[in-house]
Amino acid sequence: MWSIGELSKRVGVKVPTIRYYEETGLIEPPERSSGNQRRYGRQAMERLAFIRHARDLGLGIDAIRSLIELSGHPEKPCEAADSIAREHLIEVRERIARLQRLEHELQRIVDSCDSGAV
């Protein structure tokens, strides 16, 4: 069992973020010690690590919530998870296209500055 600070360090998520995830129901409220200190177990750490990874991949809270709900029902068809992944893939491809346009524009600026004058 870990305190909120220990959990924060282990997973790399700030304490206020952990509290937010508790308040919004993404992670279960932790057990409390006799001194009313939050105490987290392995399951909370794994859930928090999943949330952090999903956020790093750019998934929104609603998509993460849906994936967590789906994980509790492995017998269900994967259509909902597939839909979330497809939607996010479209967003990622759009972001890549915008970044490529930015890259080309920046390269054009760099290439046009050969003479050393603005």
Side-chain angles (χ1 to χ4, degrees):
M1 300 292 279
W2 301 285
S3 69
I4 195 168
E6 292 166 336
L7 182 67
S8 170
K9 289 176 188 169
R10 282 181 175 266
V11 182
V13 175
K14 294 180 180 179
V15 169
T17 303
I18 296 171
R19 288 189 186 121
Y20 170 75
Y21 291 157
E22 283 176 28
E23 291 169 11
T24 59
L26 287 177
I27 60 175
E28 296 290 323
E31 294 179 19
R32 297 282 184 151
S33 68
S34 58
N36 204 29
Q37 183 184 44
R38 289 173 165 91
R39 303 303 293 172
Y40 297 88
R42 177 160 300 284
Q43 185 177 9
M45 184 178 73
E46 289 172 356
R47 170 72 58 88
L48 189 57
F50 168 77
I51 294 167
R52 179 176 181 244
H53 182 66
R55 295 293 290 154
D56 287 347
L57 292 175
L59 287 169
I61 296 294
D62 290 337
I64 294 168
R65 183 181 317 285
S66 295
L67 291 172
I68 289 171
E69 288 173 11
L70 287 168
S71 73
H73 303 282
E75 73 284 355
K76 287 190 172 187
C78 65
E79 292 169 351
D82 182 64
S83 175
I84 292 167
R86 285 178 188 277
E87 187 177 307
H88 191 60
L89 181 59
I90 291 167
E91 293 170 11
V92 166
R93 287 181 174 156
E94 289 170 355
R95 193 175 316 138
I96 289 170
R98 286 192 307 272
L99 286 171
Q100 286 175 331
R101 287 192 300 272
L102 175 61
E103 176 188 28
H104 293 295
E105 180 62 17
L106 291 171
Q107 187 63 54
R108 186 193 64 76
I109 292 169
V110 168
D111 291 344
S112 69
C113 194
D114 287 339
S115 64
V118 175

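Scored by the side chain to side chain donor-acceptor pair (under 3.5 Å) test, Q100 finds no partners at all (sequence neighbours excluded). Residues satisfying the side chain to side chain donor-acceptor pair (under 3.5 Å) criterion with E103, sequence neighbours excluded, are absent altogether. Shown here are the side chain to side chain donor-acceptor pair (under 3.5 Å) partners of D62, two or more places apart in sequence or in another chain: there are none. E79 is linked by a salt bridge (charged side-chain N to carboxylate O under 4.0 Å, His left out) to nothing, counting only residues two or more places apart in sequence or in another chain. Legend: residues meeting side-chain contact (heavy atoms from CB on, under 4.5 Å) with R93, ordered by chain and number and at least two apart, are L89. Remark: Q37 engages R39 in a side chain to side chain donor-acceptor pair (under 3.5 Å) (not counting sequence neighbours). Evaluation of the side-chain contact (heavy atoms from CB on, under 4.5 Å) rule for R108 yields E105 as partners, not counting sequence neighbours. Contacts of R86 classified as side-chain contact (heavy atoms from CB on, under 4.5 Å), with partners at least two apart in sequence or in another chain: D82.
Closest heavy-atom contact between L59 and R55: O-NH1, 2.8 Å. Contact between G25 and R65 at its shortest, heavy atoms only, is C-NH1, 4.2 Å. Residues L70 and A81 share a closest heavy-atom pair of CD1-N, 3.6 Å. Nearest heavy-atom pair, S66 versus I84, reported as atom, atom and distance to 0.1 Å: CB-CD1, 3.5 Å.
Under a 4.5 Å side-chain heavy-atom criterion applied to ILVMFWY residues, the cluster that includes V92 comprises I96 as well.
In this structure, NE2 in H104 is found 11.0 Å from CG in L99, a value given to the nearest 0.5 Å.
Judged purely by atom type and a 3.5 angstrom limit, T24 uses its side chain to pair as donor or acceptor with the backbone of Y20. Side chain of H88 to backbone of A63: no donor-acceptor contact under 3.5 angstrom is found.
Residues L106 and V110 fail the side-chain proximity criterion, which asks for heavy atoms closer than 4.5 Å. Side-chain contact check for S8 versus V13: every heavy-atom pair is 4.5 Å or farther apart.
Residue E28 places its CD atom among 12 or fewer non-hydrogen atoms of other residues, nucleotides or ligands, all under 6.0 Å distant.
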- Between Q107 and D111, does a side chain to side chain contact (heavy atoms under 4.5 Å, CB included) hold up when you go through it step by step? CA-CA 6 Å; Q107 187 63 54; D111 291 344; 2.8 Å; yes
- Message: Apply side chain to side chain contact (heavy atoms under 4.5 Å, CB included) to residues I27 and I68 and explain how you reach the verdict.
- Response: CA-CA 10 Å; I27 60 175; I68 289 171; over 6 Å; no
For residues 40-54, which side-chain N or O atoms pair as donor and acceptor with protein atoms under 3.5 Å away, sequence neighbours left out?
residue, atom, partner, partner atom, Å
Y40, OH, E22, OE2, 2.0
R47, NH1, L26, O, 2.9
R52, NE, G12, O, 3.3
R52, NH1, V11, O, 3.3

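For residues 6-20, no residue pair satisfies the salt bridge (charged side-chain N to carboxylate O under 4.0 Å, His left out) rule, not counting sequence neighbours.
Note on I61: it clusters hydrophobically with I18, by side-chain heavy-atom contacts below 4.5 Å among ILVMFWY residues.
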